[in-house]
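Have a look at the structure below before the remarks.
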Amino acid sequence: MPSIKERLQNFLNGDNFVSRLLGKAEEKTGIKKYYLASGSICSLGLYLIFGYGASFVCNLIGFVYPAYVSVKAIESPDKKDDTIWLTYWVVYGVFSVVEFFSDIFLFWFPFYYLGKCCFLLWCMAPFSWNGSQILYDRFIRPFFLKHHRTVDSVVSDLGGQALNTAESVTRGVLHTLTSSRTLLAREGGQQALPSTSHSKEQ
């Protein structure tokens with residue numbers, strides 16, 4: 001099984017956005033891509049531990065690049081990459097929901113954002129063993145297959161109740177408007193009657 005260093009070198013030698021970006025930096029600086037990548041990772045790790053705005057940087061990493069690649073996947077004729085990035089966004093959504101309830105406790109740990117960033121990078125890694133595929137196959141997919149009929153039934157019932165509520169509210173509003181218009185018309189007619197009879201007497 002290849003080591004982390006070998007996997008990183010294989011990734012940097014492949015044809016991808018990061019490799020091309022580091023390749024341009026290597027041409028300008030003369031520093032090899034491996035050292036540029038290692039330095040960037042170490043600098044990012046230190047910033048996520050001690051820097052200001054670590055939460056924003058971490059969310060930026062987990063959203064901007066996947067969003068860019070997802071748009072490219074949509075525009076490409078190959079549907080395999082669509083499945084890969086749809087899987088990532090499903091895992092990202094589940095993770096965001098879990099984080100919403102646990103963030104208030106985990107926020108105080110000094111390595112929280114570093115761990116979160118590593119987790120998101122693992123989920124979007126261009127390997128067969130990336131986190132999104134593993135988590136989807138082991139946890140999300142079995143849970144979905146077990147409970148999706150129940151969820152569909154609940155969603156259908158809620159949709160029907162929402163439609164009935166909307167219809168009831170609409171009828172109530174229309175009835176109120178109609179009643180108010182009729183009442184105003186009657187009041188206007190009663191106010192006009194004395195002036196009409198007075199003009200006849202003159």
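All values reported here derive from a predicted model rather than from experimental measurement.
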Rounding to 0.5 Å, atoms CZ (Arg20) and NZ (Lys33) come to a distance of 10.5 Å
Does Val71 share a hydrophobic cluster with Met124, counting links as ILVMFWY side-chain heavy atoms below 4.5 Å and allowing steps through other members? no
4.5 Å side-chain heavy-atom contact, Pro66 and Tyr92: no
What class does the angle between the rings of Phe95 and Phe119 fall in, given that below 30° is parallel, 30 to 60° is tilted and above 60° is perpendicular? tilted
Rounded to the nearest 0.5 Å, what separates atom OG in Ser96 from atom CG in Asn59? 8.0 Å
Joining Ile, Leu, Val, Met, Phe, Trp and Tyr whenever any side-chain heavy atoms lie under 4.5 Å apart, the cluster holding Phe144 also takes in Leu145
Heavy-atom side-chain proximity of Val69 to Tyr88 below 4.5 angstrom: no
Treating Ile, Leu, Val, Met, Phe, Trp and Tyr as nodes and any side-chain heavy-atom pair under 4.5 angstrom as an edge, say whether Val94 and Leu86 lie in one connected cluster. no
How many angstroms lie between CG in Asn130 and CG in Leu121, if you round to the nearest 0.5 Å? 11.5 Å
Minimum heavy-atom distance between Val91 and Cys123, given as atom pair plus value: CG1-SG, 4.1 Å
Heavy-atom side-chain contact between Val90 and Ile140 under 4.5 Å: yes
Could you give the distance from CZ (Arg141) to NZ (Lys146), rounded to the nearest 0.5 Å? 15.0 Å
Applying ring-ring contact (aromatic ring centres under 6.0 Å, His included), name anything that partners Phe143, two or more places apart in sequence or on another chain. His147
Listed by chain and number, what are the side-chain hydrogen bond (donor to acceptor under 3.5 Å, both in side chains) partners of Glu99, not counting sequence neighbours? Tyr112, Lys116
Group every Ile, Leu, Val, Met, Phe, Trp and Tyr by side-chain heavy-atom contacts under 4.5 Å, then state whether Phe111 and Trp122 land in the same group. yes
What pair of heavy atoms forms the shortest contact from Trp85 to Ser70, and how long is it? CB-OG, 3.6 Å
Heavy atoms of Leu36 and Thr29 approach each other most closely as CD1-OG1, 4.2 Å
Is it the case that Asp78 and Ser76 place a side-chain donor and acceptor less than 3.5 Å from each other? no
About how many Å separate CD1 of Ile84 and NZ of Lys79, when rounded to the nearest 0.5 Å? 13.5 Å
Thr83 versus Lys80: any side-chain heavy-atom pair under 4.5 Å? no
So do Thr87 and Gln133 actually touch side chain to side chain, heavy atoms under 4.5 Å? yes
Identify whether Tyr68 and Phe63 are in the same connected component of the hydrophobic contact network (ILVMFWY, side-chain heavy atoms under 4.5 Å). yes
Measuring from atom CG of Leu22 to atom NZ of Lys32, what distance do you get when rounded to the nearest 0.5 angstrom? 14.5 Å
Give the minimum heavy-atom separation between Cys58 and Cys117, together with the two atoms involved. SG-N, 3.5 Å
